[in-house]
*Asks:* 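Quick one: the structure is below, questions incoming.
Numbers restart at 1 for each chain; the letters A, B, ... are given by sequence-line order, proteins then strands.
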Amino acid sequence: MAKVLTSKEENYSQWYNDLVTKADLAENSSVRGCMVIKPYGYAIWEKMQSTLDQMFKKTGHSNAYFPLFIPKSFFSKEASHVEGFAKECAIVTHYRLKNSPDGKGVIVDETAKLEEELIVRPTSETIIWNTYKNWIQSYRDLPILINQWANVVRWEMRTRLFLRTAEFLWQEGHTAHASKEEALEETMKMINVYAEFAEKHLGIPVIIGSKTESERFAGALDTFCIEALMQDGKALQAGTSHFLGQNFAKAFDVKYSNKEGQLEHVWATSWGVSTRLIGALIMAHSDNNGLVLPPKIAPIHVVIIPIYKNNEELNRILDTCKDLKEKLENSGLTVKLDDRDTHKPGWKFAEYELKGIPVRIAIGQRDIENKTIEVARRDTLEKTTVSIDTAIDFIGNLMKDIQTNIYNKALTFRNNNTFEVNSYDEFKIAIEKGGFIKAFWDGSAETEAKIKEETKATIRCIPLGSKDIEGKCMVTGKPSKKQVIFARAY
RNA sequence: CGGGGUAUAGCGCAGUUGGCUAGCGUAUCUGCUUUGGGAGCAGAGGGUCGUCAGUUCGAGUCUGACUACCCCGACCA
């Protein structure tokens, strides 16, 4: 039957199952690879949303919403854009159903055919720039800094839960600027916001870089990305920020008059992260006991489990639990008290480890007598007995500890799995082991394609801020100034 | 769309050269004993064996077609 992931990833399936499942659509349905995000998975997404939203507000952005349906004609306006998305679009052709004459169910009413087909958005550049056209006349109208939280549909040939679903949730920022410099600055600003979010909140170290021409977003002049390394040695693109130049402004005829009174095309950026980040979180941190969530993204920080033999004992222990819960909540943490008598303590321990709750507290009769609690941290699985008087401070510090420890662990993993190679032979061996591989590349699309063809490895990015070093392309031997990052990717 | 594989209880699986009442683990429900790491015992419920056709006295098992899913490629956040 349906298995979510394979080989090493098979281990992840039961944890995925807590967060998300494959949508159970009707048999014969041609909709494939849609996901149901379960409450716990959605709670993680909400946490990501609120954190990102705050970061966007700080950088001056506002949220707005644009239509799900995009007229087909919008897509024909930017040639390279349609080239990139044409093969994976869902198209609405009719607007009405009717009862089938043979009495079996419903059929499409052929008389209700749309004049112009509608495309279910795979991304919103076209409809947004068609709208911006009416919003922008003067340099006084710029910049426009807008973000949208939405769902998009891409009819991929192959899907994979979380990492590549037919429909996914994301945020897409679309900005309009008066100058190239300002747009470029915005592009860089937002990729840095993503990097900060990934590292400080998700605990996932990322490499910021630019994409090669072949990996670039359809319609962009330059694409910047953050690349993360998963525990199975494969790379995952965790976020992108595109410098769109004047491509969309020209395609949708968006001009403004500058201070000198001359008409100019507007400069554009777009940037986004998606529910794929939940997949990144799982695959970057999980261990054999399940998920490991960094405190800053965990929907629940602390779970308290009372341990008791009978109702009388429970009532005594519960008072202590409730009191502790309140104090922890006052210190800014989200706390769950699990006093269900339908499951045994051992069952609950395993359950919350599976869910990745950062800290678990157990309180039993002997703790009441000793005025202690047992604190277990998820990242190291260590247990400590702490005096109840010092518990709040202890747990507050523990949260910070866990957050940095998770990041450091992932960073160490990445460092141990980043290799530098000087020859193509070395490269071929290294790529089989997985990880990031730094190598010189001559900058040509032919060489890039050859490497991909022969090793399935792609150039993840050209790291930003790396200094020029003299070297020779590992394949052609031509002079090269930059080492780029290769990996097999999701 | 090409190549390979799978389809039997909610989930994971077994089912012999066709043989009569389709099984195991787990989960679920009931009762008692348990409760500091996914408890034990006893009992119960749950399946038109993916769909349609064919061969046969008889099909989960053999044949054909269809469908869905999984893996590998092409595509991709």
Side-chain angles (χ1 to χ4, degrees), chain A residues 1-7 9-10 13-14 17 21-33 83-89 122-123 151-172 194 211 214-218 223 225-228 235-242 270-280 289-290 305-311 313-314 317 339-354 360-368 370 372-376 381 383 385 452-453 456 458 460 489-490:
Chain A
M1 294 298 279
K3 262 193 185 145
V4 177
L5 298 162
T6 58
S7 65
E9 300 141 24
E10 216 165 80
S13 62
Q14 58 176 324
N17 201 39
T21 55
K22 203 145 207 185
D24 188 13
L25 297 164
E27 231 173 85
N28 302 336
S29 166
S30 49
V31 179
R32 272 152 232 194
E83 178 111 353
F85 286 102
K87 286 173 280 183
E88 51 185 52
C89 287
T123 179
N151 56 340
V152 287
V153 170
R154 294 184 189 175
W155 215 269
E156 304 283 359
M157 294 173 190
R158 267 184 69 197
T159 57
R160 198 204 261 283
L161 263 186
F162 265 134
L163 302 180
R164 196 177 305 109
T165 45
E167 178 188 0
F168 56 93
L169 306 184
W170 77 346
Q171 60 70 214
E172 45 180 330
Y194 288 154
K211 285 288 186 192
S214 66
E215 298 271 327
R216 207 171 277 163
F217 176 75
T223 288
C225 61
I226 50 173
E227 290 286 331
L236 186 75
Q237 180 174 313
T240 49
S241 181
H242 313 291
S270 70
W271 27 272
V273 296
S274 71
T275 37
R276 171 181 263 200
L277 285 179
I278 306 175
N289 294 308
I305 300 171
I307 294 161
Y308 55 93
K309 290 194 168 60
N310 49 50
N311 267 342
E313 200 172 298
L314 172 64
I317 294 168
D339 59 351
R340 288 178 298 173
D341 59 359
T342 50
H343 294 286
K344 296 184 59 177
W347 193 94
K348 293 178 185 173
F349 292 172
E351 169 79 2
Y352 292 110
E353 272 164 22
L354 207 60
R360 181 187 72 232
I361 295 172
I363 303 179
Q365 183 58 37
R366 70 171 187 236
D367 291 302
I368 300 291
N370 300 335
T372 56
I373 57 170
E374 183 190 82
V375 179
L381 298 170
K383 288 190 233 181
T385 302
K452 186 176 181 183
E453 167 90 31
K456 293 179 203 162
T458 50
R460 298 322 303 153
Y490 278 105

*Asks:* Using whole Å, report how far CD1 of A:I317 lies from P of B:rG36.
*Replies:*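 Going from A:I317 (CD1) to B:rG36 (P), I get 12 Å.
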
*Asks:* Which heavy atom in A:T240 sits nearest to a heavy atom in A:C225, and how many Å separate them?
*Replies:*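 That closest heavy-atom pairing would be CG2-CB, 4.2 Å.
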
*Asks:* When the nearest nucleotide of RNA chain B is assigned to A:A350 and to A:Y308 on a heavy-atom basis, which residue is associated with the more 5' position?
*Replies:*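 That would be A:Y308.
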
*Asks:* Consider the side chain of A:K383, meaning its heavy atoms from C-beta on, and name the nucleotide among B:rC75, B:rG37, B:rG36 that approaches it most closely.
*Replies:*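 Of B:rC75, B:rG37, B:rG36, B:rG37 is nearest to the side chain of A:K383.
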
*Asks:* Distance check, C1' atoms only: B:rA59 and B:rC1, in whole angstrom units.
*Replies:*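 The answer is 35 Å between these two C1' atoms.
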
*Asks:* Quick check on RNA chain B: between A:T275 and A:E374, whose nearest nucleotide comes earlier from the 5' end?
*Replies:*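 Closest to the 5' end, via its nearest nucleotide, is A:E374.
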
*Asks:* Just compare B:rU35, B:rG38, B:rG37 and give me whichever is closest to any side-chain atom of A:F349.
*Replies:*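 So the side chain of A:F349 is nearest to B:rG37.
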
*Asks:* If the P atom of B:rA22 is compared with that of B:rA9, how far apart are they to the nearest Å?
*Replies:*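 So the two P atoms sit 15 Å from each other.
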
*Asks:* Tell me the partner of B:rU30, counting only Watson-Crick (N1-N3 plus N6-O4 or O6-N4) or G-U wobble (N1-O2 and O6-N3) with both under 3.5 Å; none if nothing fits.
*Replies:*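 Check on B:rU30: paired to B:rA42, both distances under 3.5 Å.
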
*Asks:* Determine the interplanar angle of the A:Y194 and A:W271 rings, folded into 0 to 90°, and report it as parallel if under 30°, tilted if 30 to 60°, perpendicular if over 60°.
*Replies:*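 A:Y194 vs A:W271 ring planes: perpendicular.
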
*Asks:* Taking B:rG10 as the reference, what is the distance to B:rU55 when you measure between their P atoms (whole Å, please)?
*Replies:*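 It works out to 32 Å between them.
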
*Asks:* If you look at every strand shown and take non-hydrogen atoms under 4.0 Å, does A:F168 touch a base, only sugar-phosphate, or nothing?
*Replies:*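 Result for A:F168 = base.
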
*Asks:* Just how far, in rounded Å, is P of B:rG36 from CD of A:Q365?
*Replies:*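 Going from A:Q365 (CD) to B:rG36 (P), I get 14 Å.
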
*Asks:* When you compare B:rG45 with B:rC29, how far apart are their P atoms, in angstrom units rounded to a whole number?
*Replies:*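 Here B:rG45 and B:rC29 have their P atoms 16 Å from each other.
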
*Asks:* Using the C1' atom in both, what is the distance from B:rA39 to B:rU34, to the nearest Å?
*Replies:*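 7 Å, rounded to whole Å.
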
*Asks:* Going by modelled atom types, is there a donor-acceptor pair between the base of B:rG37 and the side chain of A:E353 at under 3.5 Å?
*Replies:*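 It does, because a donor-acceptor pair links the side chain of A:E353 to the base of B:rG37 below 3.5 Å.
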
*Asks:* Under a 3.5 Å cut-off for both contacts, is B:rU55 paired Watson-Crick or G-U wobble with anything, and if yes, with which nucleotide?
*Replies:*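 Check on B:rU55: unpaired, no WC or wobble geometry under 3.5 Å.
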
*Asks:* Which nucleotide, if any, forms a Watson-Crick or G-U wobble pair with B:rG47, using both distances under 3.5 Å?
*Replies:*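 B:rG47 is unpaired by these criteria.
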
*Asks:* Taking any strand in view, what nucleotide pairs with B:rU16 in a Watson-Crick or G-U wobble way, both distances under 3.5 Å?
*Replies:*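 With both distances under 3.5 Å required, B:rU16 matches none.
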
*Asks:* Could you state the atom-to-atom distance from CH2 of A:W347 to C1' of B:rG36 in whole Å?
*Replies:*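 In whole Å, B:rG36 C1' lies 18 Å from A:W347 CH2.
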
*Asks:* Given that both distances must come in under 3.5 Å, which nucleotide forms a Watson-Crick or G-U wobble pair with B:rC1?
*Replies:*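 By the stated definition (distances under 3.5 Å), B:rG73 pairs with B:rC1.
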
*Asks:* Going by purine N1 to pyrimidine N3 plus the second Watson-Crick contact, or the G-U wobble pair, all under 3.5 Å, which nucleotide sits opposite B:rU61?
*Replies:*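 WC or wobble partner does not exist here.
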
*Asks:* Looking at B:rG73, I'd like to know if its phosphate oxygens (OP1 or OP2) sit under 4.0 Å from a side-chain N or O belonging to A:K456.
*Replies:*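 The answer is yes; a side-chain N or O of A:K456 sits under 4.0 Å from OP1 or OP2.
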
*Asks:* For A:D341, which contact category applies under a 4.0 Å heavy-atom criterion: base, sugar-phosphate, or nothing?
*Replies:*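 No contact.
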
*Asks:* For B:rU17 versus B:rU48, give the span between their P atoms, rounded off to a whole number of Å.
*Replies:*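 So the two P atoms sit 28 Å from each other.
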
*Asks:* B:rG4 and B:rG46: how far apart are their C1' atoms, nearest whole angstrom?
*Replies:*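 That atom pair is separated by 35 Å.
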
*Asks:* Name all residues meeting the salt bridge (charged side-chain N to carboxylate O under 4.0 Å, His left out) criterion together with A:R360; count only those two or more places apart in sequence or in a different chain, and write none if there are none.
*Replies:*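 A:E353.
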
*Asks:* In whole angstrom, give me the gap between the C1' atoms of B:rU61 and B:rG15.
*Replies:*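 Straight-line distance between the two C1' atoms is 9 Å.
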
*Asks:* Could you tell me whether A:K211 and A:E227 make a salt bridge, using a distance below 4.0 angstrom between a side-chain N and a carboxylate O?
*Replies:*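 Looking at A:E227 together with A:K211, the answer is yes, because their closest N to O distance falls below 4.0 Å.
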
*Asks:* With both distances under 3.5 angstrom, what nucleotide forms a Watson-Crick or G-U wobble pair with B:rU67?
*Replies:*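 Pair assignment: B:rU67 / B:rA7.
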
*Asks:* State the CG-CZ distance between A:N289 and A:F349, to the nearest 0.5 angstrom.
*Replies:*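 A:N289 atom CG to A:F349 atom CZ measures 13.5 Å (nearest 0.5 Å).
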
*Asks:* Nearest to the side chain of A:K344, which nucleotide is it out of B:rC75, B:rG37, B:rA39?
*Replies:*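 Nearest nucleotide to the side chain: B:rA39.
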
*Asks:* Are the side chain of A:Q365 and the backbone N or O of A:Y308 linked by a donor-acceptor pair below 3.5 Å?
*Replies:*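 Side chain of A:Q365 to backbone of A:Y308: no pair is present.
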
*Asks:* If you only use heavy atoms from C-beta on, which nucleotide in B:rG37, B:rC75, B:rU35 is closest to the side chain of A:K452?
*Replies:*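 The closest nucleotide is B:rC75.
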
